[in-house]
Amino acid sequence: MNETKPAPANFIEEIIEEDLRTGRGDRRIHTRFPPEPNGYLHIGHAKAICLNFGLAAKYGGLCNLRFDDTNPSKEDPEYVEAIKEDIRWLGFDWDDRLYFASDYFERLYEFAVQLIKMGKAYVCDLSPEEIKEYRGTLTEPGRESPYRNRSVEENLDLFARMRAGEFPDGSRVLLAKIDMASPNLNLRDPVIYRILRVPHHRTGRKWCIYPMYDFAHPLSDALEGITHSLCTLEFEDHRPLYDWFLEALGIENPPRQIEFARLNLSYTVMSKRKLLQLVKEGHVRGWDDPRMPTISGLRRRGYTPEAIRDFCERIGVAKANSIVDIALLEHCLREDLNRRAPRVMAVLRPLRVVIENYPPDLVEEMEALNNPEDPSMGTRKVPFSRVIYIERDDFREDPPPKFYRLAPGREVRLRYAYFIKCTDVIKDENGKIIELRCTYDPETRGGRAPDGRQVKATIHWVSAAHAIPAEIRLYDRLFTKENPAEEEDITACLNPKSLEVLTDCWLEPSLAGAPVGAHYQFERLGYFCVDPDSTPERLVFNRTVELRDSWAKIEKKGAE
RNA sequence: UGGGGGAUCGUCUAGUGGUAGGACGGCGGGUUCUGGCCCCGCUAGCGAGGGUUCGAGUCCUUCUCCCCCAGCCA
């Protein structure tokens with residue numbers, strides 16, 4: 001067979017293929033996903049995960065999971081477990097290659113000693129404020145620290161004593177000796193070790209000095225044999241420093257850092273800090289609130305790993321900052337769920353309907369398709385009786401043009417059942433419609449009229465005597481602004497209607513015992529999944545995403 | 001005013017000197033026992049100016065706008 005190789009999908013694949021051709025990086029592909037365990041993963045991380053693991057898979061390489069845990073004051077083992085679970089759920093596997101930067105502390109310390117011996121690092125006694133001052137500004141060069149030219153011996157001694165805990169936090173740091181006049185601030189003698197008496201979640205109290213990201217990252221990559229180290233755009237300025245450490249320490253086949261644009265999604269925020277704020281201030285119920293763009297939130301909402309992976313593939317990888325329309329994510333979701341979610345009938349806002357000419361004691365079992373997209377999913381029986389509930393939205397006493405559903409004197413089809421015609425509208429003392437009286441045509445059982453007459457609409461229903469009650473949570477975008485991150489205060493543009501809880505909902509009886517996490521399409525309404533808050537007595541559903549709704553569009557247009 | 005990046009339909013993204021393409025969205029139509037799915041069609045773009053060239057989104061040049069950097073965070 002003569003298969004043409006697919007063109008590289010993005011600039012990173014181009015670089016990789018070039019490296020594979022020229023032999024740079026040992027003709028291997030080895031990537032890593034390096035989260036800091038200081039928060040939950042979000043859909044932006046999913047992009048990085050798909051990229052790193054996907055590249056390894058595509059080019060026959062490997063991808064490690066490495067926790068970048070060099071700052072114990074922000075990290076927590078709770079996050080480590082949550083992150084592992086999320087990556088696995090997304091469908092990726094790091095086999096036995098689970099690493100922690102903290103595993104390398106001893107070796108990183110040795111690297112630092114090596115740097116000192118080469119005269120490329122020194123201990124500085126300046127205070128944090130002084131260091132900042134000496135660093136200069138964007139437009140003015142920095143000044144050299146008075147401690148910059150200490151002897152190797154003194155530096156070695158001081159660094160050992162930093163490790164031994166002889167000095168208080170913040171009193172001294174180890175700096176790389178590079179260039180205080182560099183226009184790139186990262187090269188103005190950056191801090192590589194600081195004194196921090198904070199117990200580490202993995203190394204306990206063994207260390208009171210911890211390496212900085214800029215030092216730990218390239219060397220951790222080197223230690224793991226990483227060939228391509230992908231990160232986001234804001235680290236572009238750090239690349240010279242990344243390369244400097246590898247070069248100074250004589251690393252062979254050094255890994256190559258490549259930067260790409262992080263993902264932003266419309267109507268949400270993506271920074272860990274802002275997400276943490278939403279959680280802490282109680283604007284959402286937690287990291288896994290179904291309105292959150294976190295992996296755990298999306299999972300609880302009912303998103304599938306397949307949909308998220310497909311989305312990550314479709315958005316592409318580039319270097320331009322962008323905000324992807326959340327409609328694309330929803331499209332990927334619907335496409336996946338349409339294929340696999342069983343159809344059921346559920347009424348969210350019930351309107352009681354009495355079918356006056358239907359025998360009071362009769363119950364019929366109507367046969368319904370579980371998924372018209374996939375006949376192999378079979379059929380089920382849905383009980384039908386004299387009193388049913390329909391959706392309040394499916395009836396209008398005074399129907400506007402193009403409203404095809406039920407109205408006084410009008411006939412519609414009940415999905416998988418009969419044609420019914422509305423004969424009477426019953427209201428309470430306030431004029432609120434509380435019940436409809438209808439008649440059915442026994443000849444239309446199964447949904448077709450022998451005389452060939454047609455109806456304009458098919459609506460869903462549940463049998464009042466058989467339906468099971470449920471709570472259903474409807475979600476909308478969390479923010480009213482397309483890019484909340486650019487607002488002074490993101491909480492000012494929170495969408496007050498991002499959550500609506502419906503407590504008087506009725507489900508067809510086949511849903512009894514539905515397991516947590518199960519996905520369904522509630523016909524004509526959307527995709528829903530069973531929330532963990534469900535109890536054996538009462539199911540709770542989340543609306544994952546609505547079906548596209550052309551009637552809603554028509555109605556909205558009419559209102560304008 | 002220093003350095004590092006970036007600019008292609010409304011959005012995301014291809015295009016590597018030879019007819020600017022795809023996806024999402026929007027609009028219109030077909031089909032339909034879900035106003036869903038599916039199918040068809042339409043819509044709409046190279047930040048600006050100059051130059052090189054038979055030919056420029058692509059090369060050169062000037063400019064404009066946007067993002068990132070002055071943590072002992074990552």
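In this text the structure is predicted, and so the values were computed from the model without any measurement. Each chain gets a letter, A, B and so on, in the order its sequence line appears, and its residues count up from 1.
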Categorize A:Ser271 for me: base, sugar-phosphate, or nothing, with a 4.0 angstrom heavy-atom threshold over every strand shown. nothing
Between P on B:rC72 and OH on A:Tyr122, what's the gap in Å once rounded to a whole number? 12 Å
Against the six-membered ring of A:Tyr99, is A:Arg66 placed for a cation-pi contact (under 6.0 Å from the centre, within 45° of the normal)? no
Side chain of A:Glu236, base of B:rG6: donor and acceptor closer than 3.5 Å? no
Nearest-nucleotide 5' precedence on RNA chain B, A:Ala320 against A:Asn71: A:Ala320
Any side-chain N or O of A:Lys74 below 4.0 angstrom from OP1/OP2 of B:rC72? no
Touch class at under 4.0 angstrom, heavy-atom based, for A:Arg405 against every strand present: base
More than 12 foreign heavy atoms under 6.0 Å from NZ of A:Lys120: is that the case here? yes
Please give, in whole Å, the distance from B:rG26 P to A:Leu328 CG? 12 Å
Have a look at A:Leu138 and say if it touches a base, only the backbone sugar-phosphate, or nothing, with a 4.0 Å heavy-atom cut-off. base
Ring stacking, A:Tyr213 with base of B:rA74, under 5.5 Å and under 30°? no
Taking the minimum atom-to-atom distance to the side chain of A:Met212, which one of B:rC73, B:rU13, B:rU34 wins? B:rC73
Taking the minimum atom-to-atom distance to the side chain of A:Arg135, which one of B:rA74, B:rA70, B:rU11 wins? B:rA70
Identify whether any heavy atom of A:Phe403 sits under 4.0 Å from a base atom; if not, whether one sits that close to sugar-phosphate; answer base, sugar-phosphate or nothing. base
Under 4.0 angstrom, heavy atoms only, what part of the nucleic acid is A:Arg413 near: base, sugar-phosphate, or nothing? base
With heavy atoms under 4.0 Å as the rule, sort A:Ile323 into base, sugar-phosphate or nothing. sugar-phosphate
Heavy-atom donor-acceptor pair, A:Arg343 side-chain to B:rU34 base, under 3.5 Å: yes
Verify the contact: side-chain N or O of A:Thr458 to OP1 or OP2 of B:rU32, cut-off strictly under 4.0 Å; return yes or no. no
On a whole-Å scale, what distance lies between the P atoms belonging to B:rG4 and B:rU62? 15 Å
Using Watson-Crick or G-U wobble geometry with both distances under 3.5 Å, which nucleotide pairs with B:rG28? B:rC40
Salt bridge between A:Arg21 and A:Glu18, side-chain N to carboxylate O under 4.0 Å? yes
Closer than 4.0 angstrom, basic N to acidic O: yes or no for A:Asp549 and A:Arg524? no
Nearest-Å distance once atom P is located in both B:rA7 and B:rU13: 9 Å
